[in-house]
Asker: 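I'd like to ask you about the structure that follows.
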Amino acid sequence: MDSKYSAIGGPNSENQNKHGFLKRKKAIVENLMIKKPKFSNGTTSVIEKNNCHEKKGGDQKVEIEKVVKENLQDARKQLPVYMVKARLLEEVKRNDTMILIGETGSGKTTQVPQLIHEMRLEGPGVIAVTQPRRVAAITIALRVANEMNTEVGSIVGYSVRFEDVTSNRTKVKYLTDGMLLREAIVDPLLKKYSFVILDEAHERTVNTDVLFGIVKLAQKERINQKMHPLKIIIMSATMDVDSFRKYFNNCPVIYLEGRSYPVTIYHSKMKHEDYQYAALCTIFQLHATTPPNHDFLVFLTGQEEIETIMHNIKQIAKETPGPSIRVCPLYAGLPPAKQLQVWKEAPPNTRKIVLATNIAEASVTIPRIKCVIDAGVVKERTWCTRTGAERLRVRACAQAAGWQRAGRAGRTAAGAAYRLYTAAEFAARPQHNTPEIIRCPLAPTILLLIAAGMEPSTFPLIDAPPEDSIKASLVLLKELGAIDNETNPKLTVLGKKMSAFPIDPKYSKVLLSAPEYGCLEEALSLVAVLSSENVFHTPMHKREEALKVKQKFISPIGDHITLLNVFRAFCKAPLKKQWCKENYLNHKNLSYACEVRQQLLTVCQRLNLTVSSCGSALDQLLKCLLSGLFTNCAWARGGAGTGGRYVTGSGAAAALHPAGALHAMRPPPPAVLYTELLHTRRPYLVTVSAIQPQWLHQVAPEYARRCRAVR
DNA sequence: GAGCACTGC
């Protein structure tokens, strides 16, 4: 390694501290160095053990429970945040808003709400703690309930989509930020809460960014109206503190020391043209020089890349002496059963190499990783305001992501991180990723803001999206009939109903038009599938077979009816898991679509919509779909024989995606309705159905006229 | 005739 990498953070480096080489910022209010706790990792396993032995004799159980509780309390008191308890509570009492910066393991997420509650600082109100991910909201609530010796759903509860485990006794409520946002539509002043704690703020998801504005306005308005005050706590890992502080009127910032282990960071000494090749070289160099029980975690960009490198590793390993290798892929699209491999310990004298996307950066934690190899790239989705085209491109990731990835090697012991790029390249990268709100379609967010009674033009966002992006979304909402005008938008009756659905406004429009076309039954299923993830699972090596099996679902009308066929067959299948496996379908995503459908049905019933079926009159369903997706039409260009070249309503050229049901159709349909315009190697129309050109004039006459002028 | 990172209501 020495020949190719140089370590940063030598004795004179400002990046070094006494915990190791991982960069940490200096404290403004507090900077505490905390000793390692006695029960750093034992606590959880004791709890699990206890749960497993629940049926044991009474006395023994009590005995075990007592030990567990004592250990839990001991462990709590060892947490960095617990040690600044007095000071922290003092600051909480004194300030309405504060920022809490805490590294992994500082205990801020589990302890701060408990400390506040122990002092009854929340008064008659509830403490809300938001998380970007639902698994986190659930597991943290369970843990805190355990620490407080109560059942989850009583004093401590959680609320995520499809699941509300709270009661009127709940005082500490963990919820996804999306969930709090939906609550804000009904109650923009968040009256039931006396504290709102926004956790993982550094991730800068659209939802947290919008919540910043909501809580800021609610806090101000509650003072104006002389109501009980709203206290705000922003919690985050190291981040762009200055901009956060400025946004929250120079509120105080408290730093907590983390509890992770030192990670030594190495940079590549020279630039690599091909990071995949560099990754392979580094893997085998390290394989030859480190003990076999050191697990590796390699950060790559996507499924295809991971599968390729996995194949290469296996080939090279055959001809390489030394310990054997177990390669584990990890990306979100992988079926859960296959993801489980990652958490299994490798047999003796076998090295585990995990090849992961950035799912391993924050969403999941893999134990025992001693060595991180970071290609320094990420696949990012961007959106073109003018054409509505989305593009996935590989980009260099920000410095913050580099630190986050490196930190994954120091979760359970000291480790090392090898960056496949030079220190100079790293220094030239932006400190933080572009916030999501800058690069995504805004129509859903803007509709939500208007529904919550906010004014989009003056709503305080920490980073403002491009002007034309906001404008485009307002135009779309006007065309959908959700708002009355674009300059001073007010919600229409239709818009109010649209905001009741937790889906893209285009799709809520489809559902609300469905009774008119007598197809709500079908529309619910279709929209549920379209709002979920891809239901087809196509492993690279079994592509042919997967395509063959898919044939039985395919409709000559197009992909939408094909999806409907899949969904209906899934609902009827008795052994769903097995059936999905046989048909190369993603069980998780189809089950999710079922839950979404149920939720959408409930909203429809609340709005008194008539649920009827159009039977075999599928034209009705497509017209209904067009009522929400009328901006997604494309027309065949240059007549027959041109092999599916199309131009969209916004003038963008694109081709039918080869995996689609209409791709082989000759001649290609003169007009199509597409779900997505996606730019990969070329611009493609994805999930497409054939329509009659005159339908657009019937369904959206105003748009059709404007669109013809452009074409 | 290609290939989609990650979340969330």
Side-chain angles (χ1 to χ4, degrees), chain A residues 130-137 159-164 175-186 200 203-211 299-308 330-334 356-364 375 377-382 390-395 397 401 404 433 436 439-440 444-445 447-448 451 499-505 507-508 528 531-540 543-544 546-547 586 589 592 595-596 599-600 602-603 643-644 655-660 662-664 676 678-687:
Chain A
T130 70
Q131 293 294 318
R133 283 168 290 275
R134 47 182 284 141
V135 207
S159 173
V160 297
R161 191 180 192 177
F162 312 131
E163 219 184 334
D164 183 359
L175 71 177
T176 48
D177 41 22
M179 213 60 197
L180 188 60
L181 219 44
R182 300 290 321 171
E183 287 186 14
I185 298 180
V186 187
E200 310 287 5
E203 292 191 21
R204 301 295 308 276
T205 65
V206 176
N207 289 346
T208 23
D209 270 20
V210 173
L211 277 176
F299 281 98
L300 298 164
T301 64
Q303 174 180 352
E304 201 183 346
E305 189 171 277
I306 286 171
E307 284 181 1
T308 309
L330 182 67
Y331 48 89
L334 199 69
T357 60
N358 53 349
I359 190 174
E361 203 176 288
S363 308
V364 301
V377 277
V378 67
K379 209 174 261 185
E380 196 180 70
R381 203 168 184 135
T382 54
E390 298 199 73
R391 194 191 281 257
L392 276 163
R393 50 163 51 130
V394 174
R395 287 191 45 178
C397 56
Q404 180 78 22
N433 281 327
E436 205 184 351
R439 53 183 165 84
C440 75
T445 305
L447 179 65
L448 190 135
S499 70
F501 290 95
I503 48 174
D504 190 293
Y507 293 142
S508 39
S531 322
S532 307
E533 292 296 306
N534 187 11
V535 298
F536 298 106
H537 178 243
T538 325
M540 230 171 39
R543 201 179 59 187
E544 295 299 318
L547 288 180
N586 187 316
N589 293 347
Y592 188 81
E595 289 203 82
V596 173
Q599 190 186 29
L600 299 177
T602 309
V603 180
L656 295 179
H657 194 277
L662 299 177
H663 185 253
E676 203 179 7
L678 187 69
H679 199 124
T680 46
R681 208 178 279 182
R682 293 162 57 197
Y684 285 109
L685 305 176
V686 186
T687 316

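Protein chains get the first letters and strands the later ones, always in sequence-line order, with residue 1 at the start of each.
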Asker: What nucleic acid atoms does A/Phe501 come within less than 4.0 Å of, heavy atoms only: base, sugar-phosphate, or nothing?
Answerer: nothing
Asker: Mind checking if A/Tyr331 touches a base, just sugar-phosphate, or nothing, with heavy atoms under 4.0 Å?
Answerer: sugar-phosphate
Asker: If you check the A/Arg134 side chain, which of B/dA2, B/dC9, B/dC4 turns out closest?
Answerer: B/dC9
Asker: Quickly work out the A/Leu656 CG to B/dA2 C1' distance and round it to whole Å.
Answerer: 13 Å
Asker: Find the distance A/Glu390:CD to B/dC4:C1' and express it as a whole number of Å.
Answerer: 11 Å
Asker: Of the candidate nucleotides B/dA2, B/dA5, B/dC6, which contains the atom at the shortest distance from the side chain of A/Ala332?
Answerer: B/dC6
Asker: Which whole-number value in Å describes the distance from A/Asn358 CG to B/dT7 P?
Answerer: 9 Å
Asker: Heavy-atom distance under 4.5 Å between the side chains of A/Glu390 and A/Glu676, does that happen here?
Answerer: yes
Asker: Taking the side chain as every heavy atom from C-beta outward, state whether A/Leu300 and A/Thr357 have any pair of such atoms under 4.5 Å apart.
Answerer: no
Asker: Is A/Leu678 touching bases, backbone alone, or none of the nucleic acid, heavy atoms closer than 4.0 Å?
Answerer: base
Asker: Just so I know, are the side chains of A/Leu175 and A/Val160 near enough to count as touching, which here means a heavy-atom distance under 4.5 Å?
Answerer: no
Asker: Find the distance A/Arg204:CZ to B/dC6:P and express it as a whole number of Å.
Answerer: 22 Å
Asker: Using a 4.0 Å heavy-atom cut-off across all strands, classify A/Ile359 as base, sugar-phosphate, or nothing.
Answerer: sugar-phosphate
Asker: Heavy atoms under 4.0 Å, any strand shown: does A/Leu547 hit a base, just sugar-phosphate, or nothing?
Answerer: base
Asker: Between B/dA2, B/dC6, B/dC9, which nucleotide gets closest to the side-chain atoms of A/Tyr684?
Answerer: B/dA2
Asker: Looking at CD1 of A/Ile306 and OH of A/Tyr331, how far apart are the two atoms once the value is rounded to the nearest 0.5 Å?
Answerer: 7.0 Å
Asker: Select from A/Arg439 and A/Gln599 the residue whose nearest nucleotide in DNA chain B is closer to the 5' end of that strand.
Answerer: A/Arg439
Asker: Rounded to whole angstroms, how far apart are CG on A/Asp164 and P on B/dC9?
Answerer: 12 Å
Asker: Counting the atoms with a prime plus P, OP1 and OP2 as sugar-phosphate, which does A/Thr205 contact under 4.0 Å by heavy atoms, base, sugar-phosphate, or nothing?
Answerer: nothing
Asker: What's A/Ala659 touching, base or sugar-phosphate or nothing? Going by heavy atoms closer than 4.0 Å.
Answerer: base
Asker: How long is the span from the CZ atom in A/Arg134 to the CD atom in A/Glu163, to the nearest 0.5 Å?
Answerer: 6.5 Å
Asker: Less than 3.5 Å apart, any donor N or O on the side chain of A/Glu307 or A/Gln303 sitting next to an acceptor on the other?
Answerer: yes
Asker: Can you check the A/Glu436 CD to B/dG8 C1' distance for me, whole Å?
Answerer: 9 Å
Asker: For A/Arg133, report the nucleic acid contact type (base, sugar-phosphate, nothing); a contact means any heavy atom under 4.0 Å.
Answerer: sugar-phosphate
Asker: Could you tell me whether A/Arg439 and A/Glu380 make a salt bridge, using a distance below 4.0 angstrom between a side-chain N and a carboxylate O?
Answerer: yes
Asker: A/His657 has an atom NE2; how far is it from atom P of B/dG1, in whole Å?
Answerer: 13 Å
Asker: Can you tell me which nucleotide in B/dA2, B/dC4, B/dG8 comes closest to the side chain of A/Thr176?
Answerer: B/dG8
Asker: Using a cut-off of strictly less than 4.0 Å, decide whether A/Arg681 has a side-chain nitrogen or oxygen near OP1 or OP2 of B/dG3.
Answerer: yes
Asker: Could you check A/Glu380 against A/Pro658 and say which one's nearest nucleotide on DNA chain B is further toward the 5' end?
Answerer: A/Pro658
Asker: Compare the minimum distances between each of B/dC4, B/dG1, B/dA5 and the side chain of A/His663, then state the nucleotide with the smallest one.
Answerer: B/dG1
Asker: Using a 4.0 Å heavy-atom cut-off across all strands, classify A/Glu533 as base, sugar-phosphate, or nothing.
Answerer: base
Asker: Without decimals, in angstroms, what is the distance between A/Glu203 CD and B/dC6 C1'?
Answerer: 10 Å
Asker: Just checking A/Val160: base, sugar-phosphate only, or nothing, at a heavy-atom cut-off of under 4.0 Å?
Answerer: sugar-phosphate
Asker: OP1 or OP2 of B/dG3 sitting under 4.0 Å from any side-chain N/O of A/Thr680?
Answerer: yes
